[in-house]
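Read through the structure below, which is laid out as structure tokens, and then see the notes.
Count residues from 1 along the sequence.
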Amino acid sequence: MKQIYYHGNLITMEEGQPKAEAIAIEDGRILAVGSEQEVMAYKDEHTTCHDLQGKTLLPAFIDAHSHLTAVAVSMSLVDLSEAQSHQEIIEQLRTFQAERHLAPGEWVTAFGYDPNKLKEKTAPTREVLDQASLENPILLSHASGHMGVVNTKGLEVLGITAQTPDPDGGIIGRDSQGQPTGYLEENAFIQQGAKVPRPDLADMLKLIDEAQNLYLSYGITTVQDGMVGQRELAQLTAMAQAERLKVDTVGYLNMRDAGECRPAAARYWKSYKNRLKIGGYKIFLDGSPQGKTAWLTQPYTSGPEGFCGYPIYKDEEVKSFARQALAENAQLLTHCNGDAAAEQLISAFAEERAKLSAGHRDDRPVMIHAQTVRPDQLERMAPLGMIPSFFIAHIYYWGDVHLTNLGRNRAQRISPAGSAEKLDMVYTFHQDSPVLPPNMLDTISCAVNRRTRAGELLGAEEQITPWEALKAVTINEAYQYFEEADKGSLKPGKLADLVILDADPLSVAADKIAQIKVLATVKEGQIVYQAQ
């Protein structure tokens with residue numbers, strides 16, 4: 001059966017034909033795009049016609065980096081993203097325990113706290129969390145996902161004492177007597193957090209259903225799970241086998257432990273089966289700039305003198321990761337927030353690539369976040385085909401913090417999309433959900449306006465146009481996934497993955513882009529979300 005959407009404002013994302021009036025769809029793929037008269041020529045007695053009434057239609061948004069299963073888990077946790085004091089955190093935790101009728105010993109888990117938004121300007125300690133419960137272990141995850149806090153009962157259950165050593169690439173917070181404060185950073189948080197019970201498989205599948213609907217409500221039809229271990233792989237493959245995935249889902253195996261996952265991942269390796277694909281590998285090289293754990297070449301301008309953050313891996317380890325990805329012709333996604341981490345990745349990848357036989361390679365390695373990557377580093381990334389995927393919403397949500405932590409010169413250059421555009425690089429945008437909701441229009445607004453919460457313009461030279469920002473969440477994202485032949489623009493033969501908006505991002509005032517609403521989302525010709 002055919003479908004035609006007409007009487008609309010179509011943004012095709014095709015350079016030669018950026019605008020159109022109508023689109024015809026057949027069997028989940030685009031049949032024709034053009035004027036209303038041209039497209040209506042495809043109409044027959046079996047065609048369903050949809051009057052867009054002047055609304056804007058464009059290719060569905062594509063998620064360049066987030067964590068689908070983590071978004072699912074977050075839906076069962078206490079959301080602290082709006083908490084503004086330690087007391088509010090305590091009250092939210094108490095309310096959660098009461099509403100869930102938790103028995104003593106059951107974990108209370110929460111996410112989204114940000115010391116920069118709290119009245120105290122510090123993370124809560126175990127003593128603060130003890131006011132919420134002495135009987136239930138509590139774990140709080142920072143908004144960045146790179147650090148967290150547990151209460152005294154949590155320390156006891158996890159077996160953390162004054163004698164517990166810091167893991168490589170992580171820190172256990174301690175007071176002046178050497179006793180743990182409850183604060184856990186980077187690998188200390190990741191390793192200990194993995195011990196906290198998660199929802200069982202049946203509950204997780206229900207939560208993933210809910211998480212998919214969240215992405216669809218933002219116009220996104222291709223989603224990433226950016227750090228897949230055995231647990232996440234079991235959840236995703238169960239969703240695929242049950243044919244419950246509504247969105248195309250691309251997972252990236254945690255490279256450090258990938259050997260354990262490869263047998264189960266083999267069926268999905270670089271090829272979709274029931275909407276699941278394993279796209280390659282993921283590694284972390286540092287932490288977050290707002291948490292001052294990103295690895296910089298120059299010190300932070302706040303905090304201990306001379307402190308530059310720290311790496312997670314040694315240079316030789318990173319080279320071995322790059323070597324393995326290249327040998328397997330597997331895409332490598334690498335978390336780099338600081339310019340020192342970016343340097344470690346660029347140097348390792350360039351060195352290992354140079355050892356290979358001459359000839360064209362299309363590896364498309366991705367530098368995830370690339371917050372403080374420098375112009376000279378972008379110039380070296382370009383010939384490697386390395387794609388910077390910017391967490392550009394940092395400009396609004398943490399730009400004022402970056403001014404404090406990095407100083408004005410470096411803060412002005414965070415998420416340098418303008419520099420990447422001048423180099424004619426392919427770059428993409430993401431929200432790192434559940435760090436932020438997967439709101440692409442908010443992200444486009446951040447890239448175009450580059451205004452902080454306080455209203456300061458952060459790096460006018462790095463501003464880009466709405467068209468360039470749209471490319472970063474559509475056709476460029478499709479390229480990142482090696483899917484540009486099927487997604488990212490409105491062109492005959494491509495999948496009919498569409499989003500319908502109530503206004504045109506190319507014509508509204510720049511400061512109104514974030515207010516645009518998603519009216520409907522279409523996956524392969526089927527309406528999968530419709531605003532009420």
Checklist line | Exceeds 12 heavy-atom contacts within 6.0 angstrom, atom CD of Q298 | finding: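 No, not enclosed.
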Between [Y] and [X], is there a side-chain donor-acceptor contact under 3.5 Å, judged purely by atom types and distance?
{"X": "E186", "Y": "T293", "answer": "yes"}
{"X": "S144", "Y": "Q290", "answer": "no"}
{"X": "Q480", "Y": "T428", "answer": "yes"}
{"X": "Q224", "Y": "Y481", "answer": "yes"}
{"X": "S66", "Y": "D63", "answer": "yes"}

From [X] [atom1] over to [Y] [atom2], what is the distance, rounded to the nearest 0.5 angstrom?
{"X": "L158", "Y": "Q192", "atom1": "CG", "atom2": "CD", "value": "5.0 Å"}
{"X": "C336", "Y": "L285", "atom1": "SG", "atom2": "CG", "value": "4.5 Å"}
{"X": "I346", "Y": "R380", "atom1": "CD1", "atom2": "CZ", "value": "5.0 Å"}
{"X": "L236", "Y": "L245", "atom1": "CG", "atom2": "CG", "value": "7.0 Å"}
{"X": "Q344", "Y": "T297", "atom1": "CD", "atom2": "OG1", "value": "13.0 Å"}
{"X": "I138", "Y": "S133", "atom1": "CD1", "atom2": "OG", "value": "5.0 Å"}

Quick test of your reading of the model: are [X] and [Y] salt-bridged, counting only N-O distances below 4.0 Å?
{"X": "R453", "Y": "D400", "answer": "no"}
{"X": "E456", "Y": "R408", "answer": "yes"}
{"X": "K119", "Y": "E88", "answer": "no"}
{"X": "K314", "Y": "D168", "answer": "no"}
{"X": "K277", "Y": "D248", "answer": "no"}

Margin query: Evaluate S288 against M147 for side-chain contact (heavy atoms from CB on, under 4.5 Å), listing each step before the verdict.
Written below: CA-CA 9 Å; S288 74; M147 55 209 74; 3.8 Å; yes
Parallel, tilted or perpendicular, as decided by the 30° and 60° cut-offs, for the rings of [Y] and [X]:
{"X": "H142", "Y": "Y113", "value": "perpendicular"}
{"X": "H430", "Y": "F391", "value": "tilted"}
{"X": "F284", "Y": "H146", "value": "perpendicular"}
{"X": "H67", "Y": "H65", "value": "perpendicular"}

Note to self: Applying the side-chain contact (heavy atoms from CB on, under 4.5 Å) criterion to I387, which one of R364, M425, M367, M381 satisfies it?
What the structure shows: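 So the option named by the test is R364.
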Next item on the list: Using the side-chain contact (heavy atoms from CB on, under 4.5 Å) rule, pick out the option among L140, L102, L139, L129 that qualifies with V108.
Entry: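 Testing V108 for a side-chain contact (heavy atoms from CB on, under 4.5 Å) against L140, L102, L139, L129 leaves exactly one candidate, L102.
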Under the 3.5 angstrom rule, does the side chain of [X] hit a backbone N or O of [Y] as a donor-acceptor pair?
{"X": "Q463", "Y": "A447", "answer": "no"}
{"X": "N337", "Y": "A294", "answer": "no"}
{"X": "T249", "Y": "V247", "answer": "yes"}
{"X": "E120", "Y": "P115", "answer": "no"}
{"X": "Q97", "Y": "A132", "answer": "yes"}
{"X": "R323", "Y": "E352", "answer": "no"}

Check: Which is it for K471 and E477 under the salt bridge (Lys or Arg N to Asp or Glu O under 4.0 Å) test, yes or no, and what are the steps along the way?
Finding: CA-CA 8 Å; K471 285 180 64 177; E477 308 243 18; over 6 Å; no
Note to self: Going by salt bridge (Lys or Arg N to Asp or Glu O under 4.0 Å), name the residues that satisfy it together with K153, two or more places apart in sequence or in a different chain.
What the structure shows: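 K153: salt bridge (Lys or Arg N to Asp or Glu O under 4.0 Å) contacts with E156.
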Check: What residues, two or more places apart in sequence or in another chain, satisfy salt bridge (Lys or Arg N to Asp or Glu O under 4.0 Å) together with R94?
Finding: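 By the salt bridge (Lys or Arg N to Asp or Glu O under 4.0 Å) rule, R94 matches no residue at all.
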If you define the side chain from C-beta out and look only at heavy atoms, does anything of [X] sit under 4.5 Å from [Y]?
{"X": "E462", "Y": "Q412", "result": "no"}
{"X": "L423", "Y": "E379", "result": "yes"}
{"X": "V71", "Y": "Y215", "result": "yes"}
{"X": "T474", "Y": "F61", "result": "yes"}
{"X": "L378", "Y": "V373", "result": "yes"}
{"X": "Y427", "Y": "E468", "result": "yes"}
{"X": "N439", "Y": "T443", "result": "no"}
{"X": "P180", "Y": "T161", "result": "no"}

Item checked: Stepwise side-chain contact (heavy atoms from CB on, under 4.5 Å) test for T125 and H86 -> CA-CA 9 Å; T125 61; H86 289 176; over 6 Å; no
Next item on the list: Quick one: do R174 and D166 satisfy salt bridge (Lys or Arg N to Asp or Glu O under 4.0 Å)? Show the steps, please.
Entry: CA-CA 10 Å; R174 304 173 197 273; D166 291 349; 2.9 Å; yes
Notebook entry, point to check: Are K319 and F321 in a cation-pi contact, defined as NZ or CZ under 6.0 Å from the six-membered ring centre and within 45° of the axis?
Noted result: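 No, a cation-pi geometry is absent between K319 and F321.
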Checklist line | With K246, the side chain to side chain donor-acceptor pair (under 3.5 Å) member among T221, T521, N213, D209 | finding: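 Among T221, T521, N213, D209, the one meeting side chain to side chain donor-acceptor pair (under 3.5 Å) with K246 is N213.
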Margin query: Consider side chain to side chain donor-acceptor pair (under 3.5 Å). Of T152, D175, N151, which one does R126 pass it with?
Written below: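 Result: among T152, D175, N151, T152 is the only option passing the side chain to side chain donor-acceptor pair (under 3.5 Å) with R126.
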Next item on the list: Tell me, with the steps shown, if Y397 and D442 meet side-chain hydrogen bond (donor to acceptor under 3.5 Å, both in side chains).
Entry: CA-CA 11 Å; Y397 291 94; D442 182 51; 2.9 Å; yes
Notebook entry, point to check: Which atoms form the tightest heavy-atom contact between A469 and I444, and what is the distance?
Noted result: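 Closest approach of A469 to I444: CB-CG2, 3.7 Å.
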Check: What is the minimum heavy-atom distance between W295 and Y310, and which atoms define it?
Finding: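 Residues W295 and Y310, closest heavy atoms: CB-O, 3.6 Å.
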Checklist line | Worked verdict on H402 versus W398 for ring pair (Phe, Tyr, Trp, His ring centres under 6.0 Å) | finding: CA-CA 6 Å; H402 295 329; W398 293 285; 7.4 Å; no
